[in-house]
Amino acid sequence: MAEPRPTGPDTAHPAEESRGEERGRSYPFRELEAAARKRWVEERLFELRDPMKAERRFYCLNMFPYPSGDLHVGHGRNYILGDAVARVRKMQRFTVLQPMGWDAFGLPAENAAIKNKTHPAVWTRKNIARMKAQLFAWGVMFDWNREIASCDPSYYRWTQWIFLKLYEQGLAYRAMGSVNWCPSCQTVLANEQVVDGKCERCGTVVETRELEQWYFKITDYAEPLLRDLALLEHWPEKVRVMQSNWIGRSEGASVRFPIAGREALLEIFTTRPDTLMGATFMVVAAEHPLVVTLASEGKLSPDAIRFVDRLKRARVENRFAVETEKEGVALGVEAVHPLTGARLPVWVANYVLMGYGTGAIMAVPAHDQRDFEFATRYHLPIVEVIRPAEGPAFDGTAAYEGDGALVHSAPFDGLPAEEGKRAIVSALEKAGKGEARVNWRLRDWLISRQRYWGAPIPMVTCPSCGMQPVPESELPVLLPEQVEFEPTGKSPLLSNKAFLEAKCPQCGGPARRETDTMDTFVDSSWYFLRFLSPKAEDRAFDTDAVNRWLPVNQYIGGVEHAILHLLYSRFIVKVFQRMGLVSFAEPFEHLFTQGMITKDGAKMSKSHGNVVPPDALIERYGADTVRLYTLFIGPPEKEAEWNDRGVEGAYRFLTRYWKMIEDFTEANEVVPGSKRPQTAGGGAGGTAYAASGPARDLRRRVHQLVHQITGDVERFHFNTAVSGLMQVVNAVQEYQAQEGDLRAPEAAEAVDLATRLLAPLAPHTAEGAWDRLGHPESVVLAPWPSADPEAQQSASQTLAVQVNGKLRAQIQVPAAASKAEIEQAAQADPKVQKFTEGKQVVQVIVVPGKLVNVVVR
RNA sequence: GCCCGGGUGGCGAAACGGCAGACGCAGGGGACUUAAAAUCCCCUGGGGGAAACCCCGUGAAGGUUCGAUUCCUUCCCCGGGCACCA
């Protein structure tokens, strides 16, 4: 994947004369864009040479894409935002790393390959070339020397190495379990890849199967993963909440109920140990070991057998339907209450899930609505044990789930619920029947896939030594080229004999290679570390460079990765931190999730037929127009509707900007690319500025806008930054209309500032303008302007005057006017007097620089 | 059900508690042109008025405040996340 030369893709457009269209003439974007990109590549302006030499580093990262083929304008938003941020930081004198890579393993390549009878590698490489050319055409500049692709053996070798490290730590294990099975993709899926009971990829309803699979023990890290969300203050609140919900911590108690007449214990988890004395029966899930044991002993009633079978089948078909009425069957066994010794019947029911807690609950119908409904239906006893100090208590029509004090719970009667919890838990501890416990919703990460296009899991099974990891020195375990990858439900790698045969690393005897491949989320959980040493052959990543450059300063991507990718990446980094391989706890400092771009109210997709391809737009208006419109369309974190007419507006603006540059250079006889001394620089000293008049007004306005735009860019408000730039050009135009030319130093300064502000947003046009303005250096290297606070000041100020909060007049006062003078001027205004006449002025509020409010009665 | 967002002109949207609608799109009028395109100028939230001006207006209703699109309470609608989670 690595390019030997520091060049962009060779499909870049040559400067081409516009065919018949008048557009290209007044604003020659084709020539400008070709020349600018050529210059950036030739001058290697976007390459990070030595990571260890960077003084002020800025790591700007876009989530690397899956190479699915053509990019549309929605994808573009992501890269345009990142590019704008990177360019601003560069102008602010940061050493910037903005790399790009390809999340290149995965099912679509395989499916496309099956359809088109090509190899997934061929399809993937073709798409990468295509997408790279598109990115280049957008003027999005990455450090292509650092390009990586997760399907490249030089990369997945280290994905396999990571697997081995996790295996060494006991964090990778193989186990039997209920797994999500997609019958269409013919593979297992992680919990995170199942959305509304359907396969995230293809939308097929997912089935549950009992299979032996590989897992990463992410649950070991549940606590730090949750706790450290607090460190991510620069992440959107929304994403942190989603992660927090997904990890799902709940505090409560683990309680063991002996089963009458058996050795077995029924262990449950509850968040309400205070209601222990109100437990009147027990419920287990259909898949619970107790049910399995009873079935194998032939002790299940025919009713129970039928019920359990039906439930299991229903779960396969529609296990996510919540509206189902609560149903169950008594198992014919009894649990013994750990504190009272009471006998509680054990039921199996549809509303208890094996996947959470222990798959068994104590039912407290008076204080849990689900238990209440079940108890009512099957006429099970209900005991009230919590009663509020005031207000409605349990009344027999619905469960009371609120707070209160314990009743019918001797010897705990009268205790407030919180104290009751503690007292009951300690009583359980004393009796050896339970203890306080934290329960997590998070499950282990299922990483094996029975598909071809992924990194092979580096394990072998030896008939005499058992399961053995492949030694590091033998990595990578290469993915064989010759396989049948038609999905059969079994790994395609089984079809390649040569691949299957391995040598046992322990005894040297014949062994069999693991044929599952890894979930592609493993590939993407560490790629951001690889960019610092993308070609290293002796290690996954360079610890020193990574410690210097991470956490990533700005990570940008779609909110659809809020859970999966971001959680896994955080997990892997935490594992590495514990191993001493990295010195930071979190991989991404600032996270920005951009909104989707829709067309005709829907997400762009081939099936909707509403995809807006960028190529024709770039051909017609130029990349800068597309960039500017994309940034202007709305707040970047929000969804936005694409509007072709809006593109015209951006084009018109750039045309006006370009006319401004031409008028300016003509009026001042500037020679492009000359070393002519600059007319003005951001607040350059020694330049004589007019004290008043249109030139002074222009300067003030422009400096105010520099201030505004700098703040906008800092806060990702690119839409208002573009609007601010439009106002700069409008101000210059108005000035020109008034004064007739652009020869004043204030005009020169305005043109200079406008160009530097434009540089990150419409970089090609700004580059061309910068050259016309006489700068020998690229605008990429120009300093970001700073607003002169003094220039923003005005000699007089316009204040709004309100009477009782209603706007009534405008007054002009000197900037230095005192509060008393302002009050007086406001009350002297005839329009104000109209409303204050005959009334008593109670109070006058003066907001400096803004308004005056005269309060009358 | 719980937790996040969000509701502002014809449209995309602006607005540290301080002049609601910046900037742009669309629309209307005009200039230039034989004409069109492009470009430039003016108008463009609703109502009243000849005008000056006045009244209303940020999903709804209340509240806090000299002043609320902004803060608080309740409710309605839209988008997203989680969900028989014990």
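Residue numbering restarts at 1 for every chain, and letters A, B, ... go by the order of the sequence lines.
The distance between atom CZ of A:Phe374 and atom C1' of B:C84, rounded to the nearest whole Å, is 12 Å. When rounded to the nearest whole Å, the span between CD of A:Gln704 and P of B:A22 equals 17 Å. Per the geometry, CZ belonging to A:Arg808 stands 6 Å off P belonging to B:C54, to the nearest Å. Distance, A:Arg240 CZ to B:G80 C1': 17 Å, rounded to whole Å. Straight-line distance from the CZ atom of A:Phe653 to the C1' atom of B:C23: 11 Å, rounded to whole Å. For the pair A:Phe281 CZ and B:A86 P, the interatomic distance rounds to 17 Å; values are reported in whole Å. Put simply, CD on A:Glu637 is 18 Å from P on B:C4, counting in whole angstrom units. In this structure, A:Met596 atom CE and B:G79 atom P are separated by 12 Å, rounded to whole Å.
In this structure, A:Lys806 reaches the B:C56 phosphate: one of its side-chain N or O atoms is under 4.0 Å from OP1 or OP2. At B:C82, none of the side-chain N or O atoms of A:Arg249 fall inside 4.0 Å of OP1 or OP2 (strictly under the cut-off). Look at A:Asn719 and you won't find any side-chain N or O under 4.0 angstrom from OP1 or OP2 of B:A22. Within the structure, every side-chain polar atom (N or O) of A:Arg441 is placed at least 4.0 Å from both OP1 and OP2 of B:C85.
When distances run from any side-chain atom of A:Gln727 to the nucleotides B:A22, B:C82, B:C85, the shortest one goes to B:A22.
Applying a 4.0 Å cut-off to non-hydrogen atoms, the residues of residues 360-368 of chain A that approach RNA chain B are A:Ile361, listed by residue number.
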May I have the list of side-chain donor-acceptor pairs in residues 849-857 of chain A shorter than 3.5 Å, sequence neighbours left out?
residue	atom	partner	partner atom	Å
A:Asn853	OD1	A:Asn804	N	3.4
A:Asn853	OD1	A:Gly805	N	3.0

Donor-acceptor contacts, no H, no angles, side chain residues 717-727 of chain A, under 3.5 Å, sequence neighbours left out:
residue	atom	partner	partner atom	Å
A:Thr720	OG1	A:Asp712	OD1	3.3
A:Thr720	OG1	A:Asp712	OD2	3.2
A:Thr720	OG1	A:His717	O	3.0
A:Ser723	OG	A:Gln727	NE2	3.3
A:Gln727	OE1	A:Arg701	NH2	2.6
A:Gln727	NE2	A:Ser723	O	3.4

Side-chain polar contacts of residues 557-567 of chain A - donor-acceptor pairs under 3.5 angstrom, sequence neighbours left out - could you list them?
residue	atom	partner	partner atom	Å
A:His565	ND1	A:Ser524	O	3.4
A:His565	ND1	A:Ser569	OG	3.4
A:His565	NE2	A:Tyr555	OH	2.6

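In B:G9 the O4'-C1'-N dihedral to the base is within 90° of 0, which defines a syn nucleotide.
Ionic pairing of A:Lys659 and A:Glu662 is not present here: no N-O contact between side-chain nitrogen and carboxylate oxygen is shorter than 4.0 angstrom.
Position along RNA chain B of the nearest nucleotide to A:Arg656 versus A:Gln843 favours A:Arg656 as the more 5'-ward residue.
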RNA chain B in dot-bracket form (Watson-Crick or G-U pairs under 3.5 Å, [ ] crossing, | inter-strand) is (((((((..(((.....[....))).(((((.......))))).((((....))))..(((((..]....))))))))))))....
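Heavy atoms from other residues, nucleotides or ligands lying under 6.0 Å from CD of A:Gln812 number more than 12.
Below the 3.5 angstrom threshold, one finds a donor paired with an acceptor across the side chain of A:Asn853 and the base of B:C66.
Annotation: cation-pi pair A:Arg808/A:Phe835 present, NZ/CZ under 6.0 Å from the ring centroid and within 45° of its normal.
Using bins of under 30°, 30° to 60° and over 60° for the plane-to-plane angle, the ring pair A:Trp347/A:Tyr378 lands in the tilted bin.
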All N/O contacts under 3.5 Å from nucleotides 5-12 of chain B to the protein, with atom names and distances to one decimal?
residue	atom	partner	partner atom	Å
B:G12	O2'	A:Ile633	O	2.5

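Residue A:Gly649 is in sugar-phosphate contact alone, with no base atom involved, counting any heavy-atom pair closer than 4.0 Å across all strands shown.
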